[in-house]
Amino acid sequence: MLDPKLFRESPDLVRAALAKKHLVVDLDAILALDETWRIKLQQVESLRGQQKAANAEMAKLPKGSAEFVSKVHEMKAVSAQVKEGEVVLKEMEDRLKQAMMTLPNLPHASVPEGRTPEDNVVFATHGDVNALSSHAKPHWEIAGFDKLFDFARGAKVTGAGFPFYVGDAARLVRALLHFFLDENGKAGYVEVNPPIFVNAASATATGQLPDKEGQMYEAPVDGFYAVPTAEVPLTNFFRDEIIDEALLPVYRCAYTPCFRREAGNYGKDVRGLNRLHQFDKVELLKWVHPATSYDELDKLRGDAESLLRKLELPYRVLLMCGGDLGFAQSKKYDLEVWSAGQKRWLEVSSCSNFETFQARRAQIRFRGKDGKPELVHTINGSGLAVPRVLAALLENNLQADGRVKIPTVLVPYFGKEFLSFA
RNA sequence: GGAGAGGUGGCUGAGUGGUCGAAAGCAGCGCUUUGCUAAAGCGCCGUAGGUGUAAAAGCCUACCGGGGGUUCGAAUCCCCCCCUCUCCGCCA
């Protein structure tokens, strides 16, 4: 959500920023709604003021007195007006709030212009893509893949996109998670194990609702949503709280399974481990002082990158253009790992600064120097998502004999130097 | 799941229909005096929205877990929901 004062006082500034995101928003309609709401608010407040004044008078009058009775009669009319006005006001408020929820976050000045993913800027590339195994093939074509990554039985037991990881595959998932959490801990992120169901208020605060309603699995009897990312419960940890300024920045990380319905995503990029309904991910999250948030974003991106480096996986960093920025982000970098078999880049982390967008919805603040509460900036990114790292690892490290070489840093976690499909 | 007890400002805790946005204490901030690891006295000390302003101040309204209702008037009465605690049931 945006600051109402911002678009009320500087609508042109907001208009220009929204144009960069290439989203069509009827700001004038919202401004008009805001205007009528404020007029109505003043009406109702003045009526309530009358009630309050009368109340003070009546408290001093004897209960049965003629004066009292006539006052009651008089105030009945006012009371009716207030009730009527409040209904209208509530309706206006709801409409305004709903309209404001459709306003996306404004992009930062450093975000490049652009409309489509093709316009994203390759910010950095690391590692030699051409030096990889000549045996590489798409991971789902590796002999024995189906035994270790059992999609068929997953589909039987649950549905498509819910694979079983068996034996060495399960072990490798666990090794990766363990490695990620250990490394993130060393980088200063406090590990958290959060709930993996959240309520509607939490999903709204981080921007999943109402924007991405159909993308989450729901438990309607209890009003819960299965988390699409640990970002949701983690960010909501401090919802409706004022954090001690001295505690900023707060660094946290969390592993959770992530659940995504991925409604509407079909095609070849859903093969194998590329896109699943349930997958494991470690999320990095920071609550920071607004003055430092872009430095903190760069640092967080660096933390995620260092995981890929240690795993010896070639990757590139994309700086997302205005048109490819998400609804809630001010600035976003995507980390994409090279998958030698598929010969394409796979997104494994998305590092974003939300500025006050989430913080306003979630009311996460700190007390500034002047004693006034101020919204924090929230920043998050994956560190990292497992399945695509796994895909790249299987493809890039495939040996002539059909085994997969385990990166050196992972050997202590995995317990062996090779993964075998035999 | 059943029965009962509760949810009040940063914390503790009064308040059961009318000047209650809410006593008191603690913590915090400022000033004064005595002193010099401290004490006493006085004052200030919630959040949000609107209005106002260069910015403030000021003014208005709302908020006593959340949402409805009764009433001229609700922290206080009624209904629903959420949460906490105790007991019972069930259970990894």
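All chains are named by letter (A, B, ...) in the order of the sequence lines, taking the proteins before the strands, and each is independently numbered beginning at 1.
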Are any of the side-chain nitrogens in A:D34 or A:R38 under 4.0 Å away from the carboxylate oxygens of its partner? yes
Would you call A:E305 and A:R309 a salt bridge, using N to O less than 4.0 angstrom? yes
Got a sec, which pairs hit side chain to side chain donor-acceptor pair (under 3.5 Å) with one end in residues 75-89 of chain A, sequence neighbours left out? A:R48-A:E86
Does anything in residues 168-180 of chain A form a side chain to side chain donor-acceptor pair (under 3.5 Å)? List the pairs, not counting sequence neighbours. A:D168-A:K416
A:F366/A:H289 aromatic ring centres below 6.0 Å: yes
Does the ring centre of A:Y333 sit less than 6.0 Å away from the ring centre of A:F123? yes
Could you give the distance separating [M] and [N] at their [atom1] atoms, to the nearest angstrom?
{"N": "B:rA57", "M": "B:rU37", "atom1": "C1'", "value": "40 Å"}
{"N": "B:rA5", "M": "B:rA62", "atom1": "C1'", "value": "31 Å"}
{"N": "B:rG43", "M": "B:rG35", "atom1": "P", "value": "25 Å"}
{"N": "B:rG58", "M": "B:rU53", "atom1": "C1'", "value": "10 Å"}
{"N": "B:rG66", "M": "B:rU71", "atom1": "P", "value": "23 Å"}
{"N": "B:rC64", "M": "B:rG13", "atom1": "C1'", "value": "13 Å"}
{"N": "B:rG2", "M": "B:rU61", "atom1": "C1'", "value": "44 Å"}
{"N": "B:rG69", "M": "B:rC87", "atom1": "C1'", "value": "33 Å"}

Starting from [atom2] on [N], measure out to [atom1] on [X] and report it in whole angstrom.
{"X": "A:L89", "N": "B:rG49", "atom1": "CG", "atom2": "P", "value": "15 Å"}
{"X": "A:E86", "N": "B:rG49", "atom1": "CD", "atom2": "C1'", "value": "14 Å"}
{"X": "A:N199", "N": "B:rC81", "atom1": "CG", "atom2": "P", "value": "17 Å"}
{"X": "A:D3", "N": "B:rA48", "atom1": "CG", "atom2": "C1'", "value": "13 Å"}
{"X": "A:R239", "N": "B:rC83", "atom1": "CZ", "atom2": "P", "value": "13 Å"}
{"X": "A:E374", "N": "B:rA48", "atom1": "CD", "atom2": "C1'", "value": "16 Å"}

Detail all sub-3.5 Å separations between protein N/O atoms and N/O atoms belonging to nucleotides 90-92 of chain B.
none

Please tell me whether A:Y413 and A:D182 have a donor and an acceptor in their side chains that are separated by less than 3.5 angstrom. yes
Assess the side chains of A:T206 and A:Q208: does a donor N or O sit below 3.5 Å from an acceptor N or O? yes
With sequence neighbours left out, write down each residue that passes ring-ring contact (aromatic ring centres under 6.0 Å, His included) with A:F238, or none if nothing qualifies. A:W287
Counting primed atoms plus P, OP1 and OP2 as sugar-phosphate and everything else as base, spell out the protein contacts along nucleotides 50-62 of chain B at 4.0 Å heavy-atom distance: B, S or - for each nucleotide, 5' to 3'. SS--------BBS
Which letter, B, S or -, goes with each nucleotide of nucleotides 63-73 of chain B from 5' to 3', with contact meaning a protein heavy atom under 4.0 Å? -----S--BBS
Could you pull out all donor-acceptor pairs under 3.5 Å where a side-chain atom in residues 251-259 of chain A meets a protein atom, sequence neighbours excluded?
residue	atom	partner	partner atom	Å
A:Y251	OH	A:K286	NZ	3.3
A:Y251	OH	A:E296	OE1	2.6
A:Y251	OH	A:K299	NZ	3.2
A:Y255	OH	A:D280	OD1	2.5

So what does the secondary structure string of RNA chain B come out as, 5' to 3', with Watson-Crick or wobble pairs under 3.5 angstrom, [ ] for crossing and | for pairs with another strand? ((((((((.[[[..)..(.....]]].((((((.....)))))).((((((......)))))).[[[[[..)....]]]]])))))))....
Please list every donor-acceptor pair under 3.5 Å in which a side-chain atom of residues 230-237 of chain A meets a protein atom from a residue at least two apart or in another chain.
residue	atom	partner	partner atom	Å
A:E231	OE2	A:Q358	NE2	2.8
A:E231	OE2	A:N380	ND2	3.4
A:T235	OG1	A:E231	O	2.6
A:N236	OD1	A:R239	NE	2.6
A:N236	ND2	A:S202	O	2.9
A:N236	ND2	A:V232	O	2.8

Taking side chain to side chain donor-acceptor pair (under 3.5 Å) as the definition, give me every residue that meets it alongside [X], ordered by chain and number, with sequence neighbours left out.
{"X": "A:E312", "answer": "none"}
{"X": "A:W345", "answer": "none"}
{"X": "A:R367", "answer": "none"}

Assess the residue pair A:L318 and A:E336 against the criterion (side-chain contact (heavy atoms from CB on, under 4.5 Å)); give the C-alpha distance rounded to whole Å, side-chain angles, the decisive distance to 0.1 Å, and a yes or no. CA-CA 8 Å; A:L318 292 182; A:E336 297 186 327; 3.5 Å; yes
Any side-chain N or O of A:R365 less than 4.0 Å from the OP1 or OP2 oxygen of B:rG46? no
